[in-house]
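What follows is one structure encoded as C-alpha cells, with my remarks underneath.
Side-chain atoms are counted along with the backbone in the values below, which use heavy atoms only and exclude waters and symmetry mates. Within every chain, numbering begins at 1; the chains are lettered A, B, ... in the order of the sequence lines, protein sequences first and strands thereafter.
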Amino acid sequence: MSRDTPADREESTIQPDGGTEPAHEEINYLDREVNLLRPSTPFMRDHLKIIWSSFVLWALVVFGPVTLTALAPEMMTVQMPVLGFPLHYFLVSLGAPTGALILAIVYTRYRDGLDQKYGIDPDSVESTAPETGEATAADGGVEQ
Amino acid sequence: MTVPLQAEALDISFKLVPAIIVFLMMASFLVIGYVFKVADTEGMWVAGRGIGNIENGMAIGANWMSAASYLGLAGLVALSGFYGLAFIVGWTTGYFILLIFLAAQMRRFGKYTAPDFVGDRFNSPTARALAAFTTLLIAYVYSVGQARGMGLVGQYVFGLDIIPMIVVMMTITVGYLALSGMLGATKNMAVQYTILIVAFLAGVYVVGFSQGYSTILPQIEYGALMADLGREFSAPFVNQPFYIWIATAFSLIVGTCGLPHVLVRFYTVRSERVARWSCVWGLFFILLLYWASPAMAAFGVDLFQATTGASAYAAEGGMSGAEGDVIVVLAAQFANLPTWFVGLVAAGAMAAAIATTAGLFITASSAVAHDIYTELINPEATQRQQVLIGRGTIIGMGALVTVTAFNPPALIGELVAYAFSLAGVVLFPMFFLGLWWENTNRQGALAGMVLGLLIWITSIINSVLPNYIGALGAAAGESGALVPIYAQYVPPIGAALIGTPVVFVVTIAVSLATPEPPLETKKMVRQCHSPEPMGQQETAADVVGDSTSGGTPADD
C-alpha cells in the first residue's frame, strides 16, 4: 500500500522510538497485531484510551460504594435526608446501575467521535459485501 | 438446605380471568411472530437491515426478562436484603463491559453462538464441542430456575399442587416451542418486551399508589419505607459477607458477557455502531425493570408484615424462600387488588419464564444436534437425523429440568446465577482473549475451557450435590460441603471471582508455550478491531479470505 497522503495529515504521529507512524489510510489493519496490552495502531491506542478510562470509572462506580461500606460501615449507612435511604443502599441499588448506563452513553459517544476523527462512516458500506478490504479503506478515505 | 416447595401465603386456586390473560399473552407472542414471519435466513438479513438501536435494545431487554429478573430479583432483595443488590448490580453493570470490550468486535467477527465463535476462532471441533456442552449445561441450569418460577406462579392462576403444576407448565412450554416452530414464528422481541415490562411496572405503580407508598416515582419513593422494614432489609453484610457479595456480582458481570443469548442480539444489526448503541439502549430497557424491582420487594415485605402480623425475617412465621420468589405477585395479592390485575402480573411472570425456557431449549437442541452430534459423533448425519436428535434433546432436557425443579437447591435468582458463573468461567475468557489477543491458540483455549468446566463442576459437586446424594451428604456432614474451604472461596454462585482469572492465566500460559495460531486466524482477529466499516453480511473470515486472494480460512 503506497498511496501519497498530505504531509500535514494530523493522524501521523511521531513514535517515541523516533519512527513515524503511517497515517490511518496507509495502515493495513490486517497486518497489525492485536494485543490488548500492546496496541499497534494509532486508532487502537486512541480507542484503548477511551476503553481504559471509562473502565476505571466503571469499576469505581460499581465496586466503590460496596467496598467503602465494608471499610467504613458507620459512615456509609447514615440515613439520607428527604429520600430516607441508608446511603450505601441508595448508592448500590440505584447509583451503580445508573452510573453504568451513563458511562455506557459517554463511552459510545466518545467512540463515535473516534470514527469521526478517522473519517469513518459506518453507513458508507452497502449491505452487499465490498470486494476487498482495500476497497473499504479507499471508501473511508474518499468520504473524508 | 433445600427450599420449601410452595408459597403458603399465595392464594392457590383456579382463576378463570387470569388463566385467559396467560393464554392471550402467549397467543399474542405466537400470532405476532407469525405475522412478522420471514421465510429463511436470507429474509432475516433483509429484515435485519431495518433493525435499529431502539428496537434491538428492546430485543436485548426481552431476552433478559426471564423469571429470574421478573420474580427472582425481587425475591432476593426481599429475602437477602443488601446481598440481593449484588444481583441488581451484576445483572445490569455487566452490559458496560460487554459494550466496551465485546459487542462491536463480536459483530465484526460475525459468529453469534458460543460454539460457532469458539470453533472458528480456535480452529477446533473439540473446542466447539466443549463450548456446545457448556451451552447445554447453561441452558439446563438456567431452565431449572424458570421451571421453579412458572410452577410457583402457575399455582396462583391454575391452583394445582406444585409438582403437577410444574409438569403442566413445562408441558405448556414444550407445546409453545413446538407451535412456534410449526408456525415458523420468529419472535417479535420488541412486542414481547413491551408486554412484559408493562405487566411488571403496572404491578409496581398500582401497588405503590393504592397502598399510599408512592405516587409517580416508586423507584425512589420506597426509600421512605426503609426504616420500617427492619435492618435485615438494608443493613450491609448481614446475610452474606463482603467476599460473597463481590464474588456474586463479579460472576454475574462476566457471566453477562459470556452468555450466548445476549451475543445473538448483535446478529441482525446493520453495523457495529448500531451494535454499540443497541447495547446502551438494551441496558436502559433492562434498567426499567431493575430500578423498580427493589421497590416491589420493599412493598411486598411491608405488606407481608402488615398481613401476617409477623416480621418477614422471624424464624417462626417469617417469609419462606418460596414466598420470597413470588413476592412480586404476593405484593399485588396482599394489596387487595382485583383478581384480574394480580393475574396480569402473574401472567407476565409466566410468559417471561415460558418464552425464556423455549429459547434456551432451542439453543440446547442446536448445540447437541449440530455442534456435538454432527461435528464430533456422526459427520455424515442427515438433516432428518439432526432434527430427531434435536427433538430428543428437547424432550430429554424438558424431563430433566422438570424433575430437578421439583426440589430445587436454591431460589430462582440463585439458580440462574449458577448458570452465569458457568458462562463467566468458561466462555467469557474465550470471548475476551479470543478477541483481544491474537496469539490465543487452540491448545490454550482447550486447556482453559476444560479447567473452567472443572472448576465449576467441582464447585457444584462440593456444595450442591450433597443435598441430593445421600453418600455425599453424609461425607459433607454439618457444613453441607465436602471441602468447606473450597465452598467458602469458590461457591457455585461466585465461582468466577477466582475461576475466571485462573482460566485467563492458564489459557495465556498454554498459548505462550505452544505454537502461535495460523496467520489467517490472526487476521480474523485483526479485522475485528479494524476501524474500517464492514458490510452487513460480512464476517471477519470473509474479509480475510478476500484479502488473501480467495483462500478460505482453514476449519481445522
Quick one: what part of [X] sits under 4.5 Å from any heavy atom of chain A, side chain, backbone, both or neither?
X	value
B:Pro294	side chain
B:Phe101	side chain
B:Thr92	side chain
B:Phe284	both
B:Ile100	both
B:Trp245	side chain

Are [X] and [Y] packed together at the side-chain level, in the sense that at least one heavy-atom pair is separated by less than 4.5 angstrom?
X	Y	answer
B:Pro533	A:Ile120	yes
A:Tyr107	B:Cys279	no
B:Met226	A:Phe85	yes
B:Lys523	A:Asp31	yes

- Task: With side chain to side chain contact (heavy atoms under 4.5 Å, CB included) as the test, would you mind laying out the steps for B:Ile253 and A:Trp58 before giving the verdict?
- Result: CA-CA 12 Å; B:Ile253 288 167; A:Trp58 171 89; 3.8 Å; yes
Taking atom [atom1] of [X] and atom [atom2] of [Y], what is their separation to the nearest 0.5 Å?
X	Y	atom1	atom2	answer
A:Asn35	B:His529	CG	NE2	10.0 Å
B:Glu532	A:Leu30	CD	CG	8.0 Å
B:Arg526	A:Thr41	CZ	OG1	11.5 Å
B:Tyr290	A:Leu94	OH	CG	14.5 Å
B:Ser234	A:His88	OG	NE2	5.5 Å
B:Ile286	A:Leu101	CD1	CG	10.5 Å

What part of [X] gets closer than 4.5 Å to chain B, counting heavy atoms only: side chain, backbone, both or neither?
X	answer
A:Thr108	both
A:Ile102	neither
A:Tyr89	both
A:Pro73	neither

- Atom CZ of B:Phe504 with >12 non-hydrogen neighbours under 6.0 angstrom: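 Yes, enclosed.
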- Passes side chain to side chain contact (heavy atoms under 4.5 Å, CB included), B:Trp291 versus A:Thr98? Steps please. CA-CA 9 Å; B:Trp291 278 322; A:Thr98 312; 3.0 Å; yes
With chain A, which of [options] has the greatest number of heavy-atom pairs at distances under 4.5 Å?
options	value
B:Val525, B:Ile97, B:Ile88	B:Ile97
B:Trp277, B:Phe237, B:Phe242	B:Trp277
B:Ala86, B:Pro236, B:Gly84, B:Ala224	B:Pro236

- Which residue out of A:Leu103, A:Val61, A:Val82 racks up the most heavy-atom pairs below 4.5 Å with chain B?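 So the answer, after comparing A:Leu103, A:Val61, A:Val82, is A:Leu103.
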- Under a 4.5 Å heavy-atom cutoff, which of A:Arg111, A:Gln79, A:Arg109 has the most pairs with chain B?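 The answer is A:Arg111.
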- Query: Taking it one step at a time, do A:Phe63 and B:Thr93 satisfy side chain to side chain contact (heavy atoms under 4.5 Å, CB included)?
  - Reply: CA-CA 10 Å; A:Phe63 292 110; B:Thr93 61; over 6 Å; no
- Less than 6.0 Å separating the ring centroids of A:Phe55 and B:Phe96?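 Not under 6.0 Å, so no.
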